[in-house]
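All values below were derived from every heavy atom in this structure, side-chain atoms included, with hydrogens, water molecules and symmetry-related copies excluded. Model, not experiment: these values are computed from the prediction. Letters A, B, ... mirror the listed sequences (proteins, then strands); counts begin at 1.
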Number of protein chains: 2
Amino acid sequence: MRLRKEPDTMQEEDILLIARVSDALAHPARIKIFRFIMNANRDRKKICNKDVVEAFDYSQATISQHIKKLVTSGLLEVQKSDRFSYYYANLGVLMKYLDATKKFPPTV
Amino acid sequence: MRLRKEPDTMQEEDILLIARVSDALAHPARIKIFRFIMNANRDRKKICNKDVVEAFDYSQATISQHIKKLVTSGLLEVQKSDRFSYYYANLGVLMKYLDATKKFPPTV
DNA sequence: TTAATATATCGCCTATTAACAATACATGAG
DNA sequence: CTCATGTATTGTTAATAGGCGATATATTAA
């Protein structure tokens with residue numbers, strides 16, 4: 001495998017980010033919910049809680065809890081409008097997470 | 001940000017891998033322990049439980065538990081020899097995890 | 001054989017997770 | 001205003017996480 005040639009630059013900040021986002025992604029349902037919302041955003045579709053409940057086989061309460069965890073991690077954002085909560089994937093947080101994990105492979 | 005141009009190829013297998021490894025990386029101590037062992041491997045140093053205990057401010061029992069979780073996820077492997085348990089980072093699992101997470105960004 | 005060392009596991013505690021039904025809380029519709 | 005609807009929260013239960021001291025187990029050293 002290829003190893004990084006740059007110096008080891010993973011900082012405490014990176015470690016905390018990885019831990020926080022990993023905690024949010026540690027359940028298959030949350031990975032799927034996050035991707036469902038992210039892909040809907042790409043198609044310019046607004047996604048509310050009800051849409052997610054209908055797309056997955058979990059109760060409304062459970063979906064709300066999973067989404068809450070995704071919001072806490074920063075991966076999702078909420079915008080309340082009308083009587084709905086619309087969710088949006090925060091691609092910046094996703095990218096920071098992916099960049100941080102790139103620093104895992106050991107330097108040579 | 002740049003988006004992937006390839007079709008969406010994240011499969012159930014990828015999702016389960018990400019969930020499993022993310023669960024292992026969901027605690028800062030485990031990220032640090034994993035990196036400690038991975039970097040020692042790079043320097044051809046053998047790392048046993050005691051080495052990890054001395055490097056971090058946790059009890060031997062707690063370190064053993066964290067390492068157990070890393071082993072369960074596949075990120076670490078154990079080789080028992082003498083009266084020691086030597087740990088090795090499984091870079092293949094790490095790479096598979098990093099490859100799977102690359103499939104997160106939505107296709108365009 | 002006995003003592004020392006290394007590691008895993010047990011027991012205990014507290015906190016959190018995960019799931020759900022039920023309820024509370026908004027806010028828009030009639 | 002009242003009702004219906006969407007969403008968040010509460011309460012419950014079972015399971016898991018996270019920490020540690022103590023113990024069990026295994027193996028090496030003396």
Side-chain angles (χ1 to χ4, degrees), chain A residues 12 15-16 18-37 40-41 45-89, chain B residues 12 15-16 18-37 40-41 45-89:
Chain A
E12 183 72 16
I15 289 172
L16 295 180
I18 294 171
R20 185 161 50 86
V21 174
S22 292
D23 191 57
L25 297 178
H27 193 299
R30 285 196 293 270
I31 296 176
K32 293 176 186 175
I33 291 170
F34 174 65
R35 282 172 48 79
F36 175 74
I37 292 170
N41 291 166
K45 273 185 264 177
K46 300 173 78 171
I47 295 294
C48 66
N49 194 291
K50 195 171 173 299
D51 296 325
V52 183
V53 172
E54 285 169 3
F56 295 91
D57 195 23
Y58 286 105
S59 72
Q60 186 267 325
T62 300
I63 293 289
S64 266
Q65 292 288 6
H66 280 314
I67 287 177
K68 185 180 183 180
K69 192 152 201 169
L70 287 164
V71 170
T72 300
S73 76
L75 282 175
L76 285 187
E77 286 178 355
V78 194
Q79 188 184 336
K80 296 182 192 236
S81 168
D82 309 323
R83 92 191 91 169
F84 302 91
S85 289
Y86 293 107
Y87 308 116
Y88 301 94
Chain B
E12 183 72 15
I15 290 172
L16 295 180
I18 293 171
R20 185 161 49 87
V21 174
S22 291
D23 191 59
L25 297 179
H27 193 299
R30 285 195 292 270
I31 297 176
K32 292 176 188 176
I33 290 170
F34 174 65
R35 282 173 47 78
F36 175 74
I37 291 169
N41 291 165
K45 274 185 263 177
K46 301 172 77 169
I47 295 294
C48 65
N49 193 290
K50 195 171 173 298
D51 296 325
V52 183
V53 172
E54 286 169 3
F56 295 92
D57 197 23
Y58 286 104
S59 72
Q60 185 266 325
T62 299
I63 293 289
S64 265
Q65 293 287 9
H66 280 315
I67 287 177
K68 186 181 182 179
K69 194 153 201 169
L70 287 165
V71 170
T72 300
S73 77
L75 282 174
L76 285 187
E77 286 178 356
V78 195
Q79 189 184 336
K80 296 184 191 235
S81 168
D82 309 324
R83 91 189 92 168
F84 302 92
S85 289
Y86 292 107
Y87 309 116
Y88 300 94

Spacing of B:Asn49 atom CG relative to C:dT7 atom P, expressed in whole Å: 5 Å
Atom CD1 of B:Ile33 to atom C1' of D:dG18: distance rounded to whole Å? 12 Å
Round to a whole Å and report the spacing from CZ of A:Phe84 to C1' of C:dG28. 9 Å
Is the distance between the ring centroids of B:Tyr86 and B:Phe84 under 6.0 Å? yes
Short question: side chain of B:Thr72, backbone of B:Lys68 - any donor-acceptor pair under 3.5 Å? yes
Please answer whether the main-chain N or O of A:Ser73 pairs with a side-chain N or O of A:Arg20 as donor and acceptor at a distance below 3.5 Å. yes
Side chain of B:Arg30, backbone of B:Leu25: donor and acceptor closer than 3.5 Å? no
Take the protein atom CZ of B:Arg83 and the nucleotide atom P of C:dA8, then report the distance between them rounded to whole Å. 14 Å
Does the side chain of A:Arg30 get closer than 4.0 angstrom to OP1 or OP2 of C:dA18 through an N or O atom? yes
Using a cut-off of strictly less than 4.0 Å, decide whether A:Tyr87 has a side-chain nitrogen or oxygen near OP1 or OP2 of D:dG6. no
Less than 4.0 Å between a side-chain N and a carboxylate O, is that true for B:Lys69 and B:Asp23? yes
Atom CD1 of B:Ile63 and atom P of C:dT7: how far apart are they, to the nearest Å? 12 Å
Answer yes or no: does a side-chain N or O of B:Tyr58 lie under 4.0 Å from OP1 or OP2 of D:dG19? yes
What integer distance in Å separates B:Lys80:NZ from C:dT7:C1'? 7 Å
Whether B:Ser85 contacts C:dA8 is assessed here as follows: a side-chain N or O lying under 4.0 Å from the phosphate OP1 or OP2. Is that the case? yes
Nearest-angstrom distance from the residue atom NZ of B:Lys50 to C1' of C:dA6: 9 Å
Between C:dA18 (C1') and A:Lys32 (NZ): distance, integer Å: 16 Å
Between A:Ala61 and A:Asp23, which residue's closest nucleotide on DNA chain C lies nearer the 5′ terminus? A:Asp23
Over 12 foreign heavy atoms within 6.0 Å of CG, A:Asp57: no
Categorize A:Tyr86 for me: base, sugar-phosphate, or nothing, with a 4.0 angstrom heavy-atom threshold over every strand shown. nothing
In numerical order, the residues of residues 64-73 of chain B whose heavy atoms come under 4.0 Å of DNA chain D are B:His66, B:Lys69
Establish whether the base of C:dA8 is bridged to the side chain of B:Gln60 by a donor-acceptor pair shorter than 3.5 Å. yes
Which residues satisfy the side-chain contact (heavy atoms from CB on, under 4.5 Å) test with A:Ala89, sequence neighbours excluded? A:Phe34, A:Met38, A:Asn41, A:Leu76, A:Leu91
Phosphate-side-chain proximity, B:Thr62 and D:dC20, N/O vs OP1/OP2 below 4.0 Å: yes
